[in-house]
Amino acid sequence: MCGIFGYTGNREAKEILLHGLRRLEYRGYDSAGICVIGENGDFKRLRVRGNLDILENHLANQVMPGKIGIAHTRWATHGAPSEQNAHPHSDCHENLFVVHNGIIENFSQLRGELLERGHEFSSETDTEIIAHLIEEKYEGDLSVAVREAIRQLEGSFAIAVVHRGEPETLVAARRESPLVIGVGTDEWFVASAVPAFLSMTRKVIFLEDNEIVTVCGKSLRITDLDGVEIERKPQEITWDLDAAEKSGYEDFMLKEIFEQPRAFMDTLADKFSREGEISIEGFFSNKDYVMSLRRIVIVACGTSYHAGLISRYLFEQWAKVPVEVEIASEFRYRGAVLSEQDLIIAISQSGETADTLASVREAKAAKVPVIALVNVVGSQMTREADSVIYTHAGPEIGVAATKTFTSQMAALAVLALHFGRIRDALSDGKYGVIAEALRGIPVLMKDVLADIEPIAECAQEYSHCENFLFLGRGISYPVALEGALKLKEISYIHAEGYPAGEMKHGPIALLDRRVPVVAVVTRDSLYEKMVSNIEEVKARGAPVIAIASTGDPDIEKVCDRVLRVPETIELLSPPLTVIPLQLLAYHIAKIRGCNVDQPRNLAKTVTVE
Ligand code: G6P
């Protein structure tokens with residue numbers, strides 16, 4: 001996720017662009033840049049590594065005359081955070097400039113073709129290829145060139161483009177990444193989100209997928225990919241700034257829960273080739289290395305630890321590698337016996353968690369290779385690990401992890417499949433079925449998010465309870481742990497996650513009608529066993545809330561409330577079953593008046609022991 005912003009009108013662009021970027025900073029803050037074009041086609045561009053303060057400091061004494069420009073605040077995906085990789089990017093001759101939010105999936109192929117045709121690149125980004133594609137198509141009309149260029153792109157993008165030869169024209173386009181047009185008086189704004197220009201205009205036009213907008217002077221023109229004109233009237237925004245930053249959602253956490261299909265898809269996007277084969281690179285892709293692997297040890301904290309627990313089932317069943325999953329704060333002091341045939345996978349959203357980092361250092365000291373699975377590009381862990389795999393969830397503002405959790409599952413599933421392939425543990429047929437199901441998950445996530453009313457009603461009914469028990473078996477056991485963690489983190493209710501089969505050995509003593517039990521009971525290989533556990537709960541008078549498959553009418557008979565999720569293959573159910581649990585925790589916390597984005601005593605990133 002990045003923030004893009006563009007302006008054309010009758011005022012000086014520099015300050016307006018900086019103001020807009022400030023309002024988009026929550027979308028990314030590892031580098032920033034701005035480019036302004038003067039009336040005679042002169043341009044000034046400045047890019048920095050780091051946040052907006054750094055950009056502003058650099059700009060403080062610089063004159064940047066011009067009434068048109070584009071700006072960007074970056075959350076790195078392709079290429080580390082650096083000045084060279086910061087936007088705006090340009091073509092070979094610095095005639096045109098592009099800012100981009102999204103991921104171009106066929107970037108390697110397009111880059112290769114452009115190189116063959118003599119283009120030279122100055123960054124490692126996928127964005128730079130867009131500038132070069134537009135350059136190739138430019139024959140005096142920027143709008144047409146952008147349209148021709150984006151037809152070649154696969155993946156997601158929102159772009160804003162300016163050209164020195166047309167120093168009043170701003171062209172923008174989108175597919176799957178957000179883009180909104182602000183309509184002023186003889187001035188125009190394009191941005192990733194409304195807050196960027198809300199203090200300057202409340203009149204907006206939302207651009208749809210595969211549409212291109214060209215604004216210049218008093219004119220606005222929207223077309224589709226074939227150049228057919230589209231009529232669209234502006235709407236009036238009534239939200240305040242705070243709501244606008246959250247795209248109209250009440251809280252960042254809720255917004256991030258709803259971003260999960262996108263985050264999951266983006267995380268998969270750069271890990272599969274166009275032919276559906278896995279394309280991730282690192283020492284772990286070497287056949288001899290993977291064949292010699294004796295054990296995987298996963299280290300992580302909090303929600304990332306739960307993603308690790310889920311992935312154990314995948315690595316063991318698909319790749320036939322034994323896996324241990326360790327809480328990093330325990331692992332680092334345990335004097336664990338490690339060998340060079342082990343592989344450490346450190347999972348961390350932030351890449352800065354002190355205990356996970358210390359575990360990475362322990363492993364390195366024992367000469368064990370380390371893969372870091374991280375969301376924040378350029379974070380400490382990415383510098384210390386031997387290889388890095390990224391989730392592409394974008395910045396997560398809510399302290400309680402949601403979209404980064406499901407994105408971790410996406411990345412870990414790809415890695416488990418990758419090892420399964422290399423170790424010949426998966427037949428072609430089985431690989432095909434799993435890969436297809438994996439790529440189908442975002443659509444199923446959207447289905448879960450389309451029907452959230454029953455979850456809110458359920459929260460209303462049980463929000464007064466002071467204790468909850470979450471149960472699951474097999475792949476749903478770590479999901480139950482995560483459901484309990486979410487509830488306690490944001491609503492301060494005591495909640496325990498337990499493997500359902502273990503309930504008889506303790507937690508059953510706690511049960512009565514005041515202790516709701518949340519049971520994750522999809523139609524899988526342990527379904528009957530799980531139903532027996534639910535019967536045991538019911539016999540003790542505790543109410544049962546089931547997270548169950550859509551095609552399971554019988555579950556209603558043994559449960560008080562049923563929250564439905566679509567069916568998929570067993571090991572891929574967690575990104576679906578966890579969503580109702582996130583939303584249940586969210587709604588209960590809201591009913592109890594808690595601050596869900598910043599729960600008491602918790603920090604987003606724990607950089608101390
Ligand atoms: C904190 C956060 C959690 C997160 C955990 C691990 O406790 O509040 O949401 O799961 O740290 O963070 P990491 O960045 O290493 O995934």
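Sequence positions, counted from 1, serve as the residue numbers for this chain. Quick caveat, the model's predicted, so the values are computed rather than measured. Atoms within a ligand are numbered from 1 in the order they appear, just like the ligands themselves.
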- Who pairs with Glu502 by side-chain contact (heavy atoms from CB on, under 4.5 Å), at least two apart in sequence or on another chain? Tyr498, Pro499, His505

- Query: If you take all heavy atoms of His72 and Ile4, which pair is closest and at what distance?
  - Reply: CD2-CG2, 3.6 Å

- Note on the structure: Shortest non-hydrogen pair, Lys403 vs Thr406, comes out as O-OG1, 3.4 Å

- Under 4.0 Å from ligand 1 - residues by heavy atom, chain and number: Cys301, Gly302, Thr303, Ser304, Ser348, Gln349, Ser350, Thr353, Val399, Ala401, Ala603, Lys604, Val606

- Residue pairs involving residues 466-477 (criterion side-chain hydrogen bond (donor to acceptor under 3.5 Å, both in side chains); sequence neighbours excluded): Glu466-Arg592, Asn467-His494, Arg473-Asn533

Show me the side-chain donor-acceptor pairs of residues 446-463 shorter than 3.5 Å, one per line, residues at least two apart or across chains.
{"residue": "Glu461", "atom": "OE1", "partner": "Arg561", "partner atom": "NE", "Å": "2.8"}
{"residue": "Glu461", "atom": "OE1", "partner": "Arg561", "partner atom": "NH2", "Å": "2.8"}

- For the rings on Tyr249 and Phe258, is their centre-to-centre separation under 6.0 Å? yes

